[in-house]
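It should be emphasised that the depicted structure is a prediction, and the values quoted were computed from it without experimental measurement. Order of the sequence lines fixes the chain letters, A, B, ..., with proteins taken first and strands second; residue numbering starts at 1 for each chain.
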Amino acid sequence: MGDEISARALADWLREFARRIHEHRDELTRLDSAIGDADHGTNMDRGLTAVVAAIDALGPATAGQLLKKTGMTLVSTVGGASGPLYGTFFLRLATALGDVDVVTTAQLAAAFRAGLEGVVARGKAQAGDKTMVDALSPAVDALEAAAAGGATTHDALQAARAAGERGRDATTPMQARKGRASYLGERSVGHQDPGATSVELLLSAAVDTLG
Amino acid sequence: MGDEISARALADWLREFARRIHEHRDELTRLDSAIGDADHGTNMDRGLTAVVAAIDALGPATAGQLLKKTGMTLVSTVGGASGPLYGTFFLRLATALGDVDVVTTAQLAAAFRAGLEGVVARGKAQAGDKTMVDALSPAVDALEAAAAGGATTHDALQAARAAGERGRDATTPMQARKGRASYLGERSVGHQDPGATSVELLLSAAVDTLG
Amino acid sequence: MKKLINEPQAVVSEALLGLEAAHPDLRVDHANKIIYRGDAPKSGKVGLVSGGGSGHEPLHGGFVGFGMLDAACAGEIFTSPVPDQMAAATSLVDGGAGVLHIVKNYTGDVMNFEMAAELAAAESGVQVRSVVTDDDVAVRDSTWTAGRRGVGVTVLLEKIAGAAAEEGRPLDEVERIARTVNANGRSMGVALTSCTVPSAGSPTFDLPQDMMELGVGIHGEPGRERVPLAPARDIARMLLDPVIEDLPLRAGDPVIAFVNGLGGTPLIELYVLYNEVAKILAAQRISVARSLVGPYITSLDMAGASVTLLKVDDELLGLWDAPVSTPGLRWGR
Amino acid sequence: MKKLINEPQAVVSEALLGLEAAHPDLRVDHANKIIYRGDAPKSGKVGLVSGGGSGHEPLHGGFVGFGMLDAACAGEIFTSPVPDQMAAATSLVDGGAGVLHIVKNYTGDVMNFEMAAELAAAESGVQVRSVVTDDDVAVRDSTWTAGRRGVGVTVLLEKIAGAAAEEGRPLDEVERIARTVNANGRSMGVALTSCTVPSAGSPTFDLPQDMMELGVGIHGEPGRERVPLAPARDIARMLLDPVIEDLPLRAGDPVIAFVNGLGGTPLIELYVLYNEVAKILAAQRISVARSLVGPYITSLDMAGASVTLLKVDDELLGLWDAPVSTPGLRWGR
Ligand SMILES: Nc1ncnc2c1ncn2[C@@H]1O[C@H](COP(=O)(O)OP(=O)(O)O)[C@@H](O)[C@H]1O
Ligand SMILES: Nc1ncnc2c1ncn2[C@@H]1O[C@H](COP(=O)(O)OP(=O)(O)O)[C@@H](O)[C@H]1O
Ligand SMILES: [Mg+2]
Ligand SMILES: [Mg+2]
Ligand SMILES: [Mg+2]
Ligand SMILES: [Mg+2]
């Protein structure tokens, strides 16, 4: 079943996210070199390597402590656009979940909604601007709907991942209106957004570790 | 016979020298790029173009006036090492010949000796240093000897040119000890000196116009 | 890649060591990659903090000193620094009169500085204001996009706002002056070659021998268009026309004219370009009150240049002329 | 060839127009290609004249101004100016106290300046002295050769002798100080890429991607040897060892340490190199009294750097610190 997510499972999620980022580092950077400045993979890999070290050092912790450390570490080590955005996402997750040791699917969905709102407040991107929001937003919608419908954690995260993947793919034909890619104007069309790509890794890591 | 050289013939000599320099400009520059800074052809061509314009503007003139104008024009327009050296050469010729309208072979030889001494005083190069002196010095020796032996102007200049040509060729195996080529040390060996090459053009122009 | 460096990942920290060794008036917090004035904080003086990705030297670290910045945060090459650096710099220079952040308009820089301001205000209660420079006319502006990039005006703004702060003007005033500078300055650049980021090891973009990138950004971002290589007189016009039109400038307007080298272009070429710029301005009777020619906001080893015009009044000119003593800009002291 | 220029043959004269437009304190005699101070001649002050081929900017024209040169003669790119220019410059700055010629040791420069001194003395009776700089240890010196080349020390000498002249010291004194600087300074350079002379249109020499030219001259003359590309810490040692040994410098000696960019190398790399230089000097307990980091004597767009060390005493340091106001070097005014 797995309808209760332990703080330990959340730590596994972060480690798995770090592993996937490292594995896809060059791909993320390649995507960013087409429409950005060729550092999204390096930035995220630097940040998540630091996150893994930080949560190792933290030892046993509540969900809130773990996610706050993650958010703060990302803010402090990534820089660029993705640092504040991913950092804000995890900080909002931490606040939403608080000092608990187990989390329900509904709580996770609500926390993801808060995280998304944090990203939008910080980056002011709207749907269709060709950013990570285009993957994250439909994923959060799907997660909430599944949780409200009583789906298992696994099914809810699967639905979120699938929606995130579709959202990621949908960035390809978009013209960027936020971030560095926006300087390219029409020339940004035809390239998949790097940030939306790393969001899909976050979601698939969740399916593997939380569901 | 032609044992008397008119000032008009001297002007023809300068024009012919200018023509040959222009014709061999790229060759001189190529030689200079191997062991110098790739400008000897450009430098000399700029200077002799100015000389032709100056003597055109001068109109009828004595030997001294003509050669002084030539020397001063070269000094004022060439720059680099060859400007002061060729300039000094012609200024010394002018002083040696003075305000005359015709010049004997012996007078020409004495003037060339004075010119060579001016070049040596200015540049302090000795025989074997791989400079224009290595062509000019044997040429002056030959010119003097031929004039002293009563040779015709033509024969005397032919002897000078032949000696200058041998002197020019002899620069190839030398190691440079003066000028920019000296920075190359042993790597200057195996290249013909550009200044010695332009001296041979000066001498062959003399054969064609004065003899 | 041919660079005078050791390991690519050590470039920024080693350059900071070199800067510190070469300029005894400056201090460097190596952990936080902050360059700051030896006499910071100055009690009662508004603190000026800037920062951004490295690779644009002398900007920003080379503009720390009397009459200009109090501190600069160095990010990795072309990567915005993080809020911790900026917050630490803010505390370091807080003399009780508030701190102004000078931020070039790039999404990453803007967001990181925003978080830093929140952090600093929460931690120490210091009053922080931000001015975002966005002078690059190569990028079409709109509220729906990331907006124009901050480039050459940043240099002029750091000097002029720095003089206002040094005079002891209050935060409101320093902020107003900074906003005035940004509102009255426009820039545009051109690249003849790409830059090479040390960790990447190869040029950021390919530019054929006979082409140039018009409107390039200082991180090698693409510009308005790729056009055939042109003589300096045509380049001057391609850069100036959109700048003059955008401000707009009119006959009689006095300006500071700034011809900036992008890192790989030697001074002799910048003077050739400045001559063309001066001729165009003279023809339009735009009067050059002051000028600046040299590499001040660079893009690593990129060959190219940018032109910035700043419309000035007597107040701005007085602040421009005020003494300044930094590694990158120095006069009057 | 990618350069911000118009016609290659117009580069020098157009750059002079740009320099004149950008620096209202300077005057330019365009016919003679002379840059001179607007307040020249200064009565009773020794006049300082330098010059040489162009392509080394800011040297020499960018060092004309208060506390440094009175006039500079610009030759064509890498070609010595002619005596007429130098003689005209000499008359222009002759304030009755004599004129010092500062000449870099290249056969052409030396001979042209010699003729200029003869000309000037013959025409106006002005007293002319010459100091020839020959600090480049890459070239083996001997009375039988053209001798060492004049490079980085020229910049330091123009500043220090300029300060002495500005103080009103007599010709003998200014000459003595200039000779002291040259005797106590040594330099060595390295090229990572060749320069490209505009009229030639292609690089002066070919350097493979993995090689560098150690001991290169500022006209692209070959150096001591061609060696594999090395990290900055090794390059610093290759440049410093021969400089320190040649002077020689000993523990405790105070120096001005000057890391110079050759035109195509950005400032961030120069600071990385300076860090290595400072470390080596510290390890040998040679004390850095002052430093200078930047592109001051360049070789068009060549990527590379040179290091100059000048052993100083209190007199030289005082003159170094004295106010200077030129386009290329400015402080205290
Ligand atoms: N304003 C924004 N809102 C949301 N996401 C953004 C915004 N700007 C950029 N991004 C995301 O950040 C990604 C780029 O991150 P990264 O390359 O690490 O930073 P930078 O652009 O500063 O180099 C983009 O692909 C995009 O998904
Ligand atoms: N000291 C010297 N004495 C005599 N000739 C010299 C001397 N130095 C250089 N030269 C001559 O000058 C030639 C180079 O002239 P040029 O290339 O025009 O000047 P630069 O070397 O200044 O570029 C050399 O090939 C050599 O023949
Ligand atoms: Mg990026
Ligand atoms: Mg030559
Ligand atoms: Mg980035
Ligand atoms: Mg030459």
Side-chain angles (χ1 to χ4, degrees), chain A residues 25-26 29-30 32-47 50 71-89 91 118-126 128-132 175-188 195, chain C residues 9 32-33 51-55 73-88 105-116 118-119 136 138-149 195 197 199-200 202 204-205 215-226:
Chain A
R25 183 183 62 185
D26 294 349
T29 290
R30 207 171 48 247
D32 194 31
S33 70
I35 55 170
D37 59 350
D39 62 0
H40 187 57
T42 326
N43 288 347
M44 293 297 289
D45 192 34
R46 179 173 61 243
M72 289 191 21
T73 304
L74 291 175
V75 167
S76 304
T77 57
V78 175
S82 48
L85 292 169
Y86 270 103
T88 299
F89 177 77
L91 289 175
V119 168
V120 170
R122 182 64 65 202
K124 304 191 180 57
Q126 304 189 323
D129 282 354
K130 195 181 184 104
T131 70
M132 56 189 288
Q175 174 170 338
R177 282 190 299 253
K178 281 284 180 285
R180 242 174 246 286
S182 70
Y183 305 140
L184 279 164
E186 291 167 11
R187 282 183 281 170
S188 64
Chain C
Q9 62 277 18
N32 279 309
K33 296 201 169 68
S54 294
C73 306
E76 284 306 308
I77 303 276
F78 293 176
T79 299
S80 164
V82 299
D84 308 52
Q85 295 174 265
M86 299 155 178
N105 188 35
Y106 300 93
T107 305
D109 293 70
V110 169
M111 291 195 299
N112 282 286
F113 263 106
E114 258 172 36
M115 295 194 86
E118 292 163 19
L119 260 176
D136 189 347
V139 172
R140 254 160 288 273
D141 191 16
S142 127
T143 42
W144 304 106
T145 67
R148 291 190 310 228
R149 301 173 294 219
C195 50
V197 176
S199 62
S202 54
T204 303
F205 56 90
V216 75
I218 56 169
H219 311 90
E221 302 100 326
R224 288 198 169 188
E225 48 180 338
R226 193 160 279 195

- Item | side-chain hydrogen bond (donor to acceptor under 3.5 Å, both in side chains) involving A:Asn43 - partner list, sequence neighbours excluded | A:Asp39, A:Arg46
- Quick one: of A:Ala81, A:Ser182, A:Gly80, who has the most non-hydrogen atom pairs under 4.5 Å with chain C? A:Gly80
- Whatever's closer than 4.5 Å to a heavy atom in chain C on A:Thr42 counts as neither
- Query: Which atoms of C:Asn105 come close to chain A, meaning under 4.5 Å heavy atom to heavy atom: side chain ones, backbone ones, both, or neither?
  - Reply: backbone
- Note on the structure: In this structure, CG of A:Leu91 is separated from CE of C:Met115 (nearest 0.5 Å) by 6.0 Å
- Task: Could you walk me through whether A:Lys178 and C:Thr107 pass the side chain to side chain contact (heavy atoms under 4.5 Å, CB included) test, one step at a time?
- Result: CA-CA 8 Å; A:Lys178 281 284 180 285; C:Thr107 305; 5.9 Å; no
- Between chain C and each of A:Gly36, A:Pro84, A:Ser82, A:Ala38, count heavy-atom pairs under 4.5 Å; write down the option with the most. A:Pro84
- Correct closest heavy-atom pair for A:Arg180 and C:Phe78 would be NH2-O, 4.1 Å
- Note on the structure: Scanning both residues in full, the closest heavy-atom pair of A:Ser76 with C:Asp84 reads OG-OD2, 2.7 Å
- Task: Report the residues that fulfil side-chain hydrogen bond (donor to acceptor under 3.5 Å, both in side chains) with A:Arg187, sequence neighbours left out, ordered by chain and then residue number.
- Result: none
- Note on the structure: If one checks every heavy atom of C:Glu114 against chain A at 4.5 Å, the contacting part turns out to be both
